[in-house]
Amino acid sequence: MSASVQALVTLLDDPDSTVQTAVRKELSTYGPDELAALRQHIQTLDPERQEALSEQLQPLHFEMVERAWHAVLRSSTPSLERGALLLSWYRYPDADLQDAQAQLDAMAASFREAHPNLTGRDAALHLADYMANELHFAGNHDDYEDPDNSFLTRVLKRRTGIPISLSVVYLLLGHRLNLPVYGVNLPHHFVVKYQDEHSEVFMDPFNGGQPLSRGDCVRFLLKASVQPHAQHFAAAPSKSILLRMARNLLVWADRTGNTEMHRELAALMAPYDPSVEPDA
């Protein structure tokens with residue numbers, strides 16, 4: 001543990017307002033790894049001080065999440081991976097984001113090693129099958145409403161999630177393999193697609209990576225009483241994927257009466273989604 005982190009911990013509960021301002025300024029430079037080190041040190045303290053310092057750290061943690069989240073969404077090229085990991089870090093301050101990225105790197109490398117000659121459409125289809133049958137990712141049909149289905153680090157650990165989170169795992173693996181794969185924001189569902197100048201195929205990571213044609217997707221929409229439009233099948237921008245992930249969590253917060261989580265998620269979403277009003 002670095003001396004600077006230890007010193008910062010001793011100052012966290014200093015009553016002097018000048019000291020607190022200095023501490024906040026220093027913490028504003030911290031990222032997920034530095035904050036995790038700080039939290040680990042707090043866990044070595046006596047229980048009463050742990051609780052007090054953790055309570056103090058919580059609003060500071062959200063400020064860091066909020067700042068990093070807005071940096072991603074305001075970028076000209078928002079990072080889907082960074083944004084999804086930030087949502088995990090929001091809920092799980094001790095989440096190891098570097099480890100999550102290393103897991104994705106290893107999964108993609110393993111696929112590449114197992115299928116060195118696969119390219120294009122064939123690689124995309126095999127990747128969907130590989131996720132389901134080799135890596136054992138599966139849709140959480142039994143506990144669909146569990147919020148952990150939406151947090152990337154938890155999805156990687158438990159190998160289960162909802163359509164959008166499993167699709168994000170697929171996309172992050174596909175990007176590592178340089179495949180032209182995209183998220184598809186269908187109403188009532190979320191799938192992925194491979195598309196090049198010659199072909200298009202949709203895949204459903206929530207249902208075992210099942211390949212789908214555009215006609216299959218049309219039939220799904222009609223069955224859901226949705227009139228299909230071209231935009232339903234378009235590649236979803238990273239920003240829209242991240243906002244849909246956040247909206248799923250906002251719905252859960254409302255359903256369970258978690259007003260603090262609603263307020264925080266609304267603050268993350270409101271600048272980009274006019275249907276969301278930030279709490280006063």
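The structure places CZ of R176 at 4.0 Å from CD of E81, a figure rounded to the nearest 0.5 Å. Interatomic distance, F233 CZ to R214 CZ, rounded to the nearest 0.5 Å: 5.5 Å. Rounding to the nearest 0.5 angstrom, the gap separating the CZ atom in F190 from the CG atom in N248 is 10.5 Å. Distance CG/L135 to CD/Q103: 10.5 Å, rounded to 0.5 Å. L166 CG to R159 CZ: the interatomic distance, rounded to the nearest 0.5 Å, is 11.0 Å. Rounding to the nearest 0.5 Å gives a distance of 6.0 Å between CG of N149 and CD1 of I162.
For CD of Q98, the number of neighbouring non-hydrogen atoms (other residues, nucleotides, ligands) closer than 6.0 Å is 12 at most. Shown here is Q231, whose CD atom has more than 12 heavy atoms of other residues, nucleotides or ligands within 6.0 Å.
Contact record, W89 with H61: O-NE2, 3.0 Å, taken as the closest heavy-atom pair. Considering every non-hydrogen atom in both L156 and V169, the closest pair reads CD2-CG2, 4.3 Å. The nearest pair of heavy atoms linking A84 to L152 is CB-CD2, 4.0 Å. When all heavy atoms of S213 and F202 are compared, the closest pair comes out as C-CD1, 4.0 Å. Closest of all the heavy-atom pairs between S79 and L242 is O-CD1, 4.0 Å. Between T160 and G139, the closest heavy-atom pair is OG1-C, 3.7 Å.
Counting heavy atoms from C-beta outward, L268 and F62 have side chains that approach closer than 4.5 Å. Here the side chains of V181 and H175 are in contact, with some heavy-atom distance below 4.5 Å. Counting heavy atoms from C-beta on, the side chains of S110 and E134 never come closer than 4.5 Å. The side-chain heavy atoms of E264 and R91, taken from C-beta on, include no pair separated by under 4.5 Å. M203 has its side chain out of reach of V191: every pair of non-hydrogen atoms, C-beta onward, lies at least 4.5 Å apart. K223 has its side chain out of reach of R219: every pair of non-hydrogen atoms, C-beta onward, lies at least 4.5 Å apart.
Ring pair H141/F206 is tilted by interplanar angle, where 30° to 60° counts as tilted. Between H189 and F220, the ring-plane angle classifies as tilted under the 30° and 60° cut-offs.
Looking only at distances, a side-chain donor or acceptor of Y170 sits under 3.5 Å from a matching main-chain atom of A124. Listed for the H115 side chain is no donor-acceptor partner under 3.5 Å among the backbone atoms of F111.
The side chain to side chain contact (heavy atoms under 4.5 Å, CB included) test with S150 singles out one residue from L249, I164, V168, L87, and that residue is L249.
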Chi angles and distances behind the side chain to side chain contact (heavy atoms under 4.5 Å, CB included) call for D148, N140: CA-CA 10 Å; D148 274 359; N140 194 346; over 6 Å; no
Side chain to side chain contact (heavy atoms under 4.5 Å, CB included) between D96 and T153, worked out: CA-CA 8 Å; D96 190 334; T153 54; over 6 Å; no
Side chain to side chain contact (heavy atoms under 4.5 Å, CB included) assessment of V226 paired with H232: CA-CA 10 Å; V226 175; H232 290 149; 3.8 Å; yes
Side chain to side chain contact (heavy atoms under 4.5 Å, CB included) between L73 and L243, intermediate numbers included: CA-CA 9 Å; L73 267 70; L243 289 173; 3.8 Å; yes
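For the pair D146 and R158, the salt-bridge criterion is met [side-chain N within less than 4.0 Å of a carboxylate O].
Under the 4.5 Å side-chain heavy-atom criterion for Ile, Leu, Val, Met, Phe, Trp and Tyr, L212 and Y130 are members of distinct hydrophobic clusters.
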